[in-house]
Number of protein chains: 2
Amino acid sequence: MPKLVDHEERRAHIIDALLRAAANTGLHSVTMRSVAVEAGISVRLVQYYFDTKEQLLLAAMTRLTTRMGERIQHRLRGTGATPDPRAVIEAVLLEAVPTDEESRVFHLVHTEYAVLSVTDPALGGRPFLAAPDAMEAFLVTHLTAARDAGTADPDLDPRHEAVVLLAASAGLGLSVLLGQRTPEDATAVLRYHLGRVLPTRPATTQDGPPA
Amino acid sequence: MPKLVDHEERRAHIIDALLRAAANTGLHSVTMRSVAVEAGISVRLVQYYFDTKEQLLLAAMTRLTTRMGERIQHRLRGTGATPDPRAVIEAVLLEAVPTDEESRVFHLVHTEYAVLSVTDPALGGRPFLAAPDAMEAFLVTHLTAARDAGTADPDLDPRHEAVVLLAASAGLGLSVLLGQRTPEDATAVLRYHLGRVLPTRPATTQDGPPA
DNA sequence: GTTTTTGTGGTACAACCATACCACCAAGCG
DNA sequence: CGCTTGGTGGTATGGTTGTACCACAAAAAC
């Protein structure tokens with residue numbers, strides 16, 4: 001039944017199968033065969049849409065980073081038209097904590113790729129450095145703005161704080177993946193820390209339940 | 001020349017070869033053959049000292065966690081007889097930042113194991129949760145002591161701060177492994193954050209260069 | 001209506017893996 | 001001295017992997 005299929009759609013379908021398989025049994029265990037089974041198609045078709053395994057892995061990595069960027073953008077839009085700095089920063093950082101199943105799959109496989117990229121030169125670690133660098137710059141900007149606006153301790157160093165925030169959210173996300181912490185706990189810890197860096201009220205006032 | 005060899009020594013030698021190989025080309029790529037070559041012995045011998053590959057991997061993991069515990073203990077002893085809380089906490093956390101080659105190998109392979117343990121049930125993720133849990137308890141104890149002694153902000157929540165510290169040091173260590181940050185930068189950031197949680201002087205005084 | 005082109009299945013193949021097996025050598029022990 | 005046992009090399013084997021190859025059906029192009 002060769003009825004002129006949408007290539008991009010088919011490729012996305014196969015990549016999703018790969019991500020599912022990688023999240024279940026590990027990236028190291030994905031084979032052409034296992035991806036084919038997961039996608040419900042024959043091995044030949046996986047070969048047909050991605051000539052080689054390496055290209056398949058590369059395409060999956062690309063989709064992964066793209067999709068994560070989209071998720072962050074989506075969260076940012078969710079903060080409304082005139083969000084305060086803390087809401088923006090919180091939105092960005094909380095994306096690192098896997099809550100729903102999709103984000104768990106994405107972060108797990110993304111982490112597997114990142115670790116793999118350290119030893120595998122063919123993967124070229126650049127994609128794994130570009131995104132965090134952008135995030136860092138983003139956080140520095142907003143932290144500086146908050147400090148200059150007087151909603152943060154004037155003594156804080158925006159760059160250092162940004163790096164700490166990024167590292168903490170990455171570490172928390174990882175601990176959730178490893179099953180050491182619940183997503184709720186990780187979220188609470190992140191909010192706590194953010195509350196100390198960027199108090200919702202000037203530091204002199206006690207904050208009651210903020211509704 | 002079968003001259004009654006020391007088994008434990010030989011096993012350690014082989015495990016070290018495995019760790020080196022895993023750090024170079026990835027844990028997924030270690031084979032009986034590659035370990036044998038790295039150790040400079042025949043495949044048969046690897047089989048002889050570790051019956052199966054799974055046992056070899058398990059033994060390597062055990063050695064890894066043991067060795068990391070030793071390194072932390074060593075750092076703690078290095079803080080002297082009556083260390084202040086901040087020195088103790090700093091010593092523990094800085095161990096997560098790979099500086100020398102040995103610690104880089106250990107942390108890289110340890111991370112590979114940790115990620116692998118998420119999907120591979122045979123590895124049993126317990127070892128990767130026990131150590132962080134102990135570290136968390138340790139930090140909570142010392143942070144509480146520091147707070148009660150008045151050397152830390154009385155408003156800080158020791159448990160939350162401990163988790164943040166742990167997550168941040170793990171995240172920083174990972175970013176160093178990925179080549180995003182230098183060990184020096186990661187160390188500086190960690191020290192900065194520690195300085196905000198546990199100021200060396202009461203918060204009212206400015207601290208000059210502490211020599 | 002024929003002839004490309006596109007999509008698909010099945011299978012073959014060379015490489016590599018973990019592991020089992022066989023042979024042998026040298027030291028310890030009686 | 002015999003001979004048992006610990007240490008070693010080499011090789012065979014059964015299974016898995018990525019990929020190349022062959023055949024074929026149906027839509028598109030002419």
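Here the structure is a predicted model, which means the values were calculated and not measured. So that the names make sense, note that chain A is the first sequence line, chain B the second, and so on, each numbered from 1.
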Please give, in whole Å, the distance from C:dT19 C1' to B:Gln55 CD? 13 Å
B:Arg191 vs A:His160 side-chain heavy atoms within contact, under 4.5 Å: no
A:Leu58 CG to D:dG18 P, in whole Å, measures 16 Å
Taken to the nearest whole Å, CZ/B:Phe50 to P/C:dA18 is 15 Å
From CD1 of B:Ile14 across to C1' of D:dG7 the rounded distance in Å is 12 Å
Please report, rounded to the nearest Å, how far the C1' atom of C:dT19 is from the CD atom of B:Glu54. 14 Å
Return the CD to CZ distance between A:Glu161 and A:Arg196, rounded to the nearest 0.5 Å. 10.5 Å
Hey, does the side chain of B:Ser34 reach the backbone of B:Val30 with a donor-acceptor pair shorter than 3.5 angstrom? no
Return yes if a side-chain donor-acceptor contact under 3.5 Å exists between B:Asp185 and B:Thr182, otherwise no. no
Quick one: closest heavy-atom pair of B:His13 and B:Ala39, and the distance? CE1-O, 3.2 Å
Is the phosphate of C:dT19 approached by B:Thr52 (side-chain N or O, under 4.0 Å from OP1 or OP2)? yes
Both A:Met32 and B:Arg10 contact DNA chain D. Which one's nearest nucleotide lies toward the 5' end? B:Arg10
To the nearest angstrom, the CG-C1' distance between A:Leu56 and D:dT19 comes to 14 Å
Test side chain to side chain contact (heavy atoms under 4.5 Å, CB included) on A:Glu136 and B:Arg181; report intermediate values, then the result. CA-CA 12 Å; A:Glu136 183 179 319; B:Arg181 246 173 271 289; 3.0 Å; yes
At a cut-off of 3.5 Å, list every protein nitrogen or oxygen paired with a nitrogen or oxygen from nucleotides 9-13 of chain D, distance to 0.1 Å.
residue, atom, partner, partner atom, Å
D:dG9, OP2, B:Ser42, OG, 2.7
D:dG9, O6, B:Arg44, NE, 3.3

Between atom NE2 in B:His7 and atom P in D:dT5, what is the gap in whole Å? 15 Å
Can you check the A:Lys53 NZ to D:dT17 P distance for me, whole Å? 9 Å
Any side-chain N or O of B:Tyr49 less than 4.0 Å from the OP1 or OP2 oxygen of D:dT8? yes
Any A:Tyr48 side-chain nitrogen or oxygen under 4.0 Å from OP1 or OP2 of C:dG7: yes
A:Gln55 and side-chain contact (heavy atoms from CB on, under 4.5 Å): which partner among A:Asp51, A:Leu57, A:Leu58? A:Asp51
